[in-house]
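Here is the structure we will look at.
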Protein chains: 2
Amino acid sequence: MKDEKRRGRPRAFDAKAALGKARDVFWDRGFAAASLDNLSAATNLNRPSLYGAFGDKEDLYLDTLEGYRQDGMNTLAEALDPSLPLRDNIARVYAGALAIYLHGETAARGCLLIGTASAEAVQHERVREVLGRSLNDFDDKIEKRMRLGVERGELPESADPQMLARLASAVMHSLAVRARAGDSREVLEAIARSGVELICGSANNP
Amino acid sequence: MKDEKRRGRPRAFDAKAALGKARDVFWDRGFAAASLDNLSAATNLNRPSLYGAFGDKEDLYLDTLEGYRQDGMNTLAEALDPSLPLRDNIARVYAGALAIYLHGETAARGCLLIGTASAEAVQHERVREVLGRSLNDFDDKIEKRMRLGVERGELPESADPQMLARLASAVMHSLAVRARAGDSREVLEAIARSGVELICGSANNP
DNA sequence: AGAATTTAATGCGAAACGGTACAAATATGA
DNA sequence: TCATATTTGTACCGTTTCGCATTAAATTCT
């Protein structure tokens, strides 16, 4: 399915790699301020190739968002390894997030979705939809782990898994915003630690 | 000082009102996607007047951010009325935030700073500075209230006011993002309630 | 080998962009 | 009244923007 020979001239570039380069541009500049020239230069593709492969600028942006979302879900799934204690799981979620957020040439980039899609969300319904779905999916995955925590006795029966999950996400959202606002790694790690403590405060220590 | 007659033709518009209209445009579209035509139409000022009164587009944007920041600090100060219990204070902070966030023609606008300044923060150092300062000032004001809570015995001696404040802010950051992502008022209010419970969970009930 | 199909590269074009020159209008100061 | 100072409105400038038309190149099918 991957090697079925297509007719015509073959592509001279790796679409996935190009998407990664485009993602970096959007991540730094946001959607509106990223020009096709910027994207063309970063991907080493001239505009017609870009257009032919991904559609217009909004299509390309939505593609990068979707890829980012899926990468994030995978990272989250790894962090939530159910063979580890709940406390470690949430700590790993934040550590994984910070590893992504604290990366940038001029300044930390934070989260692509929260940092750039939020700006477009009011006017672009499709962007708003992706953003909303991403946040909800994240909440849901964490909620599942919380529910497991209640079953296992890591959390008290009285705990509300959905709300705990949403608050655990809230700390991550804040890390994303603060990273982009220039907060230091030390401060962000301290917030993450305190967040784990607050969210999992009622969790049993083995 | 306000009525000292200036020479030359007087202004035919209220600069403060114009700034408010411009703020709405930036709030909906973000900085980069807001054109001078948009701003000119919304304020009923032609571009030269706009330029003469506020400088270029970035200056105008920074002015609106600064005004928003100060309005927010005033709203926060009111919410944190020290004659009320800590729990009520934090609940009022979230209620005040939601009243601002859940307002928009097509979709909820969230927070001007978190929703639009974040996008520009990586590339525009001055925007990043305003954003960072705004978040920190907010944290500091809440931290003061937390400190008072410890003194008063509303919070246990073991409580860390700085970290509690940062986590209280984190819930608000999340409300800002989620509002812009399209979450319903009901969901946001539920998160706010759970946030109050978690943050102030150790607070005494009078 | 030649037709068919797909991609690559150059370059164009219409529209939108931010910003400003300039002259008319409206006030104050002398 | 007349010079001075500031704002207003029109019109414009040069640049950048996005998207595409067109032609050359590279591959497969017949």
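This structure is a prediction, so every number in the text was calculated from the model and none was measured. Labels below follow one simple rule: chain letters A, B, ... track the order of the sequence lines, proteins then strands, and each chain is numbered from 1.
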Check whether [X] reaches the backbone of [Y] with its side chain - one donor and one acceptor, N or O, closer than 3.5 Å.
X        : Y        : answer
A/Ser40  : A/Leu45  : yes
A/Arg29  : A/Ala34  : no
A/Ser134 : A/Val130 : yes
A/Arg109 : A/Trp27  : no
B/Arg166 : A/Ile191 : no
B/Ser118 : B/Ile114 : yes
B/Ser169 : B/Ala165 : yes
A/Glu120 : A/Val127 : no
A/Asp81  : A/Glu78  : no

Counting only side-chain N and O atoms of B/Asn46, is one of them less than 4.0 Å from OP1 or OP2 of D/dG9?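 For D/dG9, OP1/OP2 do have a side-chain N/O of B/Asn46 under 4.0 Å.
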
If the helix axis at each end comes from five base pairs, how far does the helix from C/dA1-D/dT30 to C/dA30-D/dT1 deviate from straight, to 10°?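 Inter-axis angle at the termini of the helix from C/dA1-D/dT30 to C/dA30-D/dT1: 0°.
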
Under 6.0 Å between ring centres: does that hold for A/His124 and A/Tyr61?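 Here the rings of A/Tyr61 and A/His124 have centres that are no less than 6.0 Å from each other.
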
Give me the first and last nucleotide of DNA chain C, going 5' to 3', that has any atom under 4.0 Å from a heavy atom of chain B.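 Listing 5' to 3', DNA chain C meets chain B from C/dC17 to C/dG29.
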
Does A/Ala53 reach a base, just sugar-phosphate, or nothing at all? Heavy atoms under 4.0 Å.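 No contact at all - A/Ala53 keeps every heavy atom at 4.0 Å or more from the nucleic acid.
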
In this structure, are over 12 heavy atoms from other groups packed under 6.0 Å from A/Glu58 atom CD?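 Yes, CD of A/Glu58 has more than 12 neighbouring heavy atoms, counting only those of other groups under 6.0 Å.
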
Separation of B/Phe13 atom CZ from D/dT6 atom P, in whole Å?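 One finds 15 Å between P of D/dT6 and CZ of B/Phe13, rounded.
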
Report the distance from atom CZ of B/Arg7 to atom C1' of D/dT4, rounded to the nearest whole Å.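 Checked: the CZ to C1' distance equals 5 Å.
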
Using a 4.0 Å cut-off on protein heavy atoms (strictly under), produce a 5'-to-3' string for nucleotides 13-24 of chain D with B for base contact, S for backbone-only sugar-phosphate contact, and - for none. ----SSBBB---

Closest-nucleotide mapping onto DNA chain C: is B/Phe31 or B/Pro10 further toward the 5' terminus? I mean the 5' end.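 Its nearest nucleotide being more 5', the pick is B/Phe31.
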
Residue mapping more 5' on DNA chain D - nearest nucleotide basis, B/Gly8 or B/Ala12: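 Its nearest nucleotide being more 5', the pick is B/Gly8.
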
